[in-house]
Amino acid sequence: MKFDRRTFIGSAAATTGLLAAPMVRAQGKPRVVVIGGGAGGATAARYLAKDSQGALDVTLVEPTRTYYTCFFSNLYLGGFRDMGSLGHSYGTLASDYGINVIHDWAVGVDRDAKTVTLAGGSSLPYDRLILSPGIDFVDGAVEGWDVSAQNAMPHAYKGGSQTELLKAQIMAMPQGGTFAMVAPPNPYRCPPGPYERISMVAHALKEVNPTAKILIADPKESFSKQGLFEEGWNRHYAGMVERIGPDFGGANVSVDPQAMTLTIDGDVNDVDVCNVIPAMKAGRIAEIAGITDGNWAPVNAADMSSKMDPNIHVLGDAAAQGDMPKSGFSANSQAKVCANAVRGALTGSTVFPARFANTCWSLIDTNDGVKVGATYEATDEKIAKVDGFVSATGESDELRAATYQESIGWYDGIVADMFG
């Protein structure tokens, strides 16, 4: 299917089967508080406000006034997008949909009182709470690195300034220098996918620093679309990229941000830029709310409700939901299912059976796009994969160019679906 803005939003409307209408705020309505304004949270808030036609009081809590998408941020590193094209405002959600948008940090959840505490000191009551806080990093996941070192060795896994910093470091590398990445273990947020990032860094270096080298320390034996990426690296960036997997020490690494070294299984490597992507966990507010089990928040597939509290729902990267990857497309898909279920529970409207979809596109070089995706259904146990697809090696240049154009249409569609 070809994705563009119209088809993406059209399919979204068909999923809920409801008409859009502006909200008018009134007292006495059921209250929904959404924490996190990304692909999950912004979508859920918009669909709740739009489809309830004024029957729900919807509040969105998000600390940033401009949201920079993680998806397509790798294309900024490669020179295919500018940072401004990745930034989006919450103004339309407030003005056109009547959503109460609060730019603050959520720092507490009282599940008994059903209130959320904000860093500014105020308290928000809720009838249903939706958490879509994205990811945080596991403490000590990479020896020698913590968030205090993120300026020396950026993670660039949250959109915005970190991505800009990493690009500046790449552009300032000495000729023939070394870019290193410490790749994350599973499961991890994607996009920004580590291996698309390698491709985009290689693309940038090929133009300005063609003798530079790229070194990947990877704890995983394999990764998604591996054959496609390796084919592309050999085709476009021959001799530039070296990946060291766990068989050769890729799972035994440490870094020294002051000395700018990466040690792999005892072998010390001097590097000029080091992109450290640690192991991940659910955003902090999920842990504060007491709904995590280990690093993630387990949910019921039918409505994305927490398995520990039926009045809390968890979307996107933070959720332990089954077979779906931690992607923006997944979060957006889960948000629509959740919004339909929450609206039904609070207003008595029709709740449709849960259906989910995901596609992840990656750009390897100019007009060389690949993709992987699947459809999913809700079972008693989890969100379960029904069927899937993946690009093939050896595809024609025309097909790869069409795949890239499809990804651009999807981007335009999903940000319109999120922000109106």
* Asked: Where do Gln226 and Tyr195 land on the side chain to side chain contact (heavy atoms under 4.5 Å, CB included) test, with the steps shown first?
  -> CA-CA 8 Å; Gln226 182 169 350; Tyr195 311 99; over 6 Å; no
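Using a distance-only test at 3.5 Å, with no hydrogens or angles considered, no donor-acceptor pair links the side chain of Asp365 to the main chain of Ser199. A side-chain donor-acceptor contact under 3.5 Å links Trp145 to the backbone of Met153.
Ionic pairing of Asp317 and Lys158 is not present here: no N-O contact between side-chain nitrogen and carboxylate oxygen is shorter than 4.0 angstrom. A salt bridge links Glu287 with Arg284: the closest approach of a Lys/Arg side-chain nitrogen to an acidic carboxylate oxygen falls below 4.0 angstrom. Under the 4.0 Å criterion applied to side-chain N and carboxylate O atoms, Arg31 and Asp57 are not assigned as salt-bridge partners.
A cation-pi geometry, defined here as NZ or CZ lying under 6.0 Å from the six-membered ring centre and within 45° of its normal, holds between Lys326 and Trp296. Under the 6.0 Å distance and 45° angle rule, Lys336 does not count as a cation-pi partner of Phe352.
For Ser305 and Asn300, the side-chain atoms include at least one donor-acceptor pair closer than 3.5 Å. A donor-acceptor pair shorter than 3.5 Å can be found between the side chains of Tyr411 and Thr69. Under the 3.5 Å distance criterion, with hydrogens and angles disregarded, a donor-acceptor pair is assigned to the side chains of Glu62 and Thr64. Under 3.5 Å, the side chains of Arg343 and Ser349 contain a donor-acceptor pair of N or O atoms. Side-chain N/O atoms of Thr178 and Asp272 include no donor and acceptor closer than 3.5 Å.
Two residues are said to be in side-chain contact when any heavy atoms from C-beta on lie closer than 4.5 Å; Met181 and Ile277 meet this criterion.
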